Amino acid sequence: MAPNQLRADRPLVGDRAAPPVPPDAAPPGEPPRPPRGKRRKKGGGGGRRGIGRFLFGVAKLGLVLGLAGVAVGGIAGYGFYRQAAADLPEHEWLADYQPPQMSRIYAADSKLMAELALERRVFVPIGAIPPRLQAAFVAAEDQNFWSHHGVDPLAIARAVVMNVEGMATGRRAVGASTITQQVAKNMLVGNDRTILRKVREAILAFRLESAMPKDRILEIYLNEIFLGQQAYGVASAAMNYFNKGLDELTPGEMAFLAALPKAPNNYNPNRFPEAAKARRDWVLDRMVEEGALTAAEAETAKQEPIVARGRARPDLVATGPYFTEEVRRELVARFGQDQTTMGGLVVRTSMEPELQAATEQALREGLTNYDRRRGGWRGPVAQISAAPTEWMPALEAVQRPGGMQPGWQLAVVLGVEAREARLSWLERPDGRAQAQPRQGTLPLDDVSWARPVRDGRLGPAPRRMQDVLSPGDVVMVEYVPGREAQGRTPARAARLSLRQIPQVEGAVVALDPATGRVLAMAGGYAFEKSWFNRATQALRQPGSSFKPFVYLPALEMGIPPNQRLLDGPIEIMTPQGLWKPGNYSGQPRGWVTMRTALQQSLNLVTIRLAQEVGIDRVAETAARFHVIPNMPRVLSMALGAGETTVMRMAAGYASFVNGGKEVAPTLIDSVQDRFGKVVWRADTRRCEGCDAGPGSAPPRLVDERRQITDPIAAYQMVSLLQGVVQYGTGSRAGAGLGRPVAGKTGTTNDYMDNWFVGFTPDIVVAVWMGFDEPRSLGTGETGGSNAAPIFHDVVASALKDSPPVPFRAPPGVALVRVQLDNGQTILEPFRPGTENAARPPSDDTVISSDTPVGVDNSLGGLY
């Protein structure tokens, strides 16, 4: 610095600069200051600048850390989103989704036979759901449904606040799922209680909102939501709780249904009426807030009690379990399991309930009559104590045997005397939980059939009641109305009849020969005893009921019905040795007509005729009529040694009466989908003129079924089978019916199978009886004595209100009056030009096969 330069911070003293003033020096007139290092800081400017710099550093660090956290969180959130969004299910299919619906099967008279469903649901389009009911669910479950885009942020914030407040009280956490999220959860992502599932649910909710309109989302929700009591959807819930349709619900009932999604079991009005009412009233208040109800309407609704009436299920047809199960199998085979049980199909069948009930009753009576004649008494169901204080609980513990009829009771024998037994059973009158004892008597004359079985043989008829029953025996009995016990028994004691479930089984099929529609079918004594359908699943030997398919080829070849054939001994050399078939009677009759041979079911004539027409032709006929599709070329097959089903035999005989047309038996008339569109129909006939305008000729249905035999041969067979019923082995089938009846008996070797297959112009009925494990029914037990009476009862019931109708002769047939061997005269049908074509008898008495023909001596028809 230059000497003459002045310093502003150094005042001049004289001509020399004053010494520098220390920074800590006090101004003149003030006390000296403490040293700088020891001065007390009072927030002066220098301290403020240091704190500011520190805070700025902290803020800068926080900003950096925050930005880093946001970046890390964003990356983590994006990764979590990618994980949640990965492999999300496709949601576009929901636009066309139809909820599962139960399928219904109806009888021919439109009565409900069965409902097939995994979930009891009735789908209702959104346009058919009352707006107030829609508003009730929206008010209760998702107030902002119509405005949000899948997720409701306000609801989420509200739920967070409520859950934080509830943590201190232990209150259960509340959710904020929208209706759209619930649809996504129920239909797409499942019900796992995880954060990942909630994120996936929210993502899908956004996608659903962009893929379909709100109405469609609400429609799916209202038809899918579970509302308790096995009810899925509002329509099913309305029926289950109130037995009403949706349009019949009151505002209070609508609000109650909308209260159920949160916890259906907790708001069950029968178990928790107060909780149900409180939740219902809350929904009503929400509806008022949303403008769906007025305050006055809500107050009126709050005064209504919640009365759960329960669903009054439609009365189901009480018969036809085998028929129904066969229909279900056919539906599964045709449409698949899922479509059958969840497709909402409407199935209309050919079953006539009244005839079905009569068919089942006729079969049960036939089997019972045989069982009482041949089966004997197989003992009690169980043995319990007959002590007065012990028998009631012990009897309640005894299970009803499978096949026990609804009108039967399990009764315990309390006392036995020589000519009667005293029994008691339990009843629950008016559906009471407490069973009430009832008393009855069983007289000795009612158990005369109950013979003991010793070493497979029947013993003598019981002479006293002790031969049948003992105290403590639990037996099946049936109350006989109008026959009160007399004598020393208490007044008004019931008269009982002893019952037993037969071991023998049977099957019946009744069908319309013109269309093949199965009108009734019984596959056994009782469906509860065995689900095995012996009408369609059991392959049994038809015996002599197969013989018409041996005689038919001869008629087709032009052999007239009055052709005489030899009923004489026959020996046939086979690879198994010499075969000597015989007749049921054991005696040959010499020369007889074809008509007489079929009427008397002569085996020897049938074998000769099969040889003459050729066993190949017989096999081709059996296949053409679908009786035995692949019949072995063995002569014993002509006597019914093959295997077939009751259904096939009924359809085969139907072709005789309908003029030789092929018959395909059907149980289902039509099937409609959930929208009412016919997706399958049994009747495939073309309708000519159905689309013609007014004034045109009447429309005509064109029968395009295959002609499997010519009408004249078919009518000749009908005439021959009429003779079987009028003069032959099937006389019991048509007794007292007062109408033309035709048919054929069948009995296999050792009496193992009994058959009768017959028809009138209006109905075909096939009957079979035998044991599931083939064994003899007993000597002399034939189709004419066992199966024919069942046929008679079924036909009598089917045609009780119908006038008799004759069999219609086809054009061109020649009807010539001839005299039978028994002196009767009939109009014999001939093929034109064969009236005098019958060949005279020859002297052949033994016929041997020119070609090797195998035969099984243990098989064959007898009668």
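These values consider heavy atoms only, across backbone and side chains, with no hydrogens, waters or symmetry-generated copies. This one's a predicted model, so the numbers in the text were calculated from it and none came from an experiment.
- Although no hydrogens or angles enter the test, the distance criterion places no donor-acceptor pair under 3.5 Å between the side chain of Ser731 and the main chain of Tyr727.
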Could you walk me through whether Tyr584 and Thr782 pass side-chain contact (heavy atoms from CB on, under 4.5 Å), step by step?
-> CA-CA 10 Å; Tyr584 174 75; Thr782 65; 3.8 Å; yes

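- For Arg499 and Asp371, the salt-bridge test fails: no basic side-chain N is under 4.0 Å from an acidic carboxylate O.
- With a 6.0 Å cutoff to the six-membered ring centre and a 45° limit on the axis angle, Arg374 does not count as a cation-pi contact of Tyr370.
- Heavy atoms from other residues, nucleotides or ligands lying under 6.0 Å from CZ of Arg808 number 12 at most.
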Evaluation steps, side-chain contact (heavy atoms from CB on, under 4.5 Å), between Leu498 and Met476 = CA-CA 6 Å; Leu498 186 64; Met476 291 174 283; over 6 Å; no

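- Two residues are said to be in side-chain contact when any heavy atoms from C-beta on lie closer than 4.5 Å; Ile615 and Val634 fail this criterion.
- Side-chain contact check for Glu781 and Asn786: at least one donor-acceptor pair (N or O, by modelled atom type) lies under 3.5 Å.
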Check the pair Ser544 / Lys547 against side-chain contact (heavy atoms from CB on, under 4.5 Å), numbers first and verdict last.
-> CA-CA 5 Å; Ser544 293; Lys547 288 177 180 176; 3.1 Å; yes

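- At distances below 3.5 Å, at least one donor-acceptor pair connects side-chain atoms of Asn583 with backbone N or O atoms of Leu604.
- The backbone N or O of Gly403 lies less than 3.5 Å from a partner atom in the side chain of Gln405, making a donor-acceptor pair.
- Heavy atoms from other residues, nucleotides or ligands lying under 6.0 Å from CZ of Arg706 number more than 12.
- Using modelled atom types, no side-chain atom of Glu360 and backbone atom of Thr319 make a donor-acceptor pair closer than 3.5 Å.
- Salt bridge status for Arg608 with Glu612: absent, with no side-chain N to carboxylate O gap under 4.0 Å.
- A salt bridge is defined here as a Lys NZ or Arg NE, NH1 or NH2 lying under 4.0 Å from an Asp or Glu carboxylate O, and Asp512 with Arg517 fails to meet this definition.
- Applying the salt bridge (Lys or Arg N to Asp or Glu O under 4.0 Å) test to every pair with at least one member in residues 710-727, sequence neighbours left out, gives these pairs: Asp710-Arg831.
- A salt bridge does not link Glu528 to Arg400: none of the charged side-chain nitrogens sits closer than 4.0 Å to a carboxylate oxygen.
- A donor-acceptor contact shorter than 3.5 Å links the side chain of His792 to the backbone of Ala735.
- The backbone N or O of Tyr751 sits nowhere less than 3.5 Å from a side-chain atom of Thr748 that would complete a donor-acceptor pair.
- For Ser776 (side chain) and Asp750 (main-chain N/O), a donor-acceptor pair under 3.5 Å exists by modelled atom type.
- Counted by atom type alone, Asn562 and Thr593 present zero donor-acceptor pairs between their side chains at under 3.5 Å.
- Between Phe527 and Trp531, the ring planes lie parallel to each other; the angle is under 30°, not in the 30° to 60° tilted range.
- Of the charged side-chain nitrogens involved, none lies within less than 4.0 Å of a carboxylate oxygen, so that Glu620 and Arg617 do not count as a salt-bridged pair.
- Salt-bridge formation is not detected for the pair Glu662/Arg624: no Lys NZ or Arg NE/NH1/NH2 atom is positioned less than 4.0 Å from an Asp or Glu carboxylate oxygen.
- The closest side-chain heavy-atom distance from Met647 to Leu667 is below 4.5 Å.
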Do Arg589 and Leu602 pass the side-chain contact (heavy atoms from CB on, under 4.5 Å) test, and can you show the C-alpha distance, the side-chain angles, and the key distance before you say yes or no?
-> CA-CA 9 Å; Arg589 302 192 181 194; Leu602 302 179; 4.0 Å; yes

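- Phe656 and Phe625 have their aromatic ring centers within a separation under 6.0 angstrom.
- More than 12 heavy-atom neighbours from other residues, nucleotides or ligands sit within 6.0 angstrom of CD on Gln726.
- When each of Trp768, Tyr653, Trp755, Phe756 is checked for a ring-ring contact (aromatic ring centres under 6.0 Å, His included) with Phe791, only Phe756 meets the rule.
- Separation of the Phe807 and Tyr715 ring centroids does not fall under the 6.0 Å cut-off.
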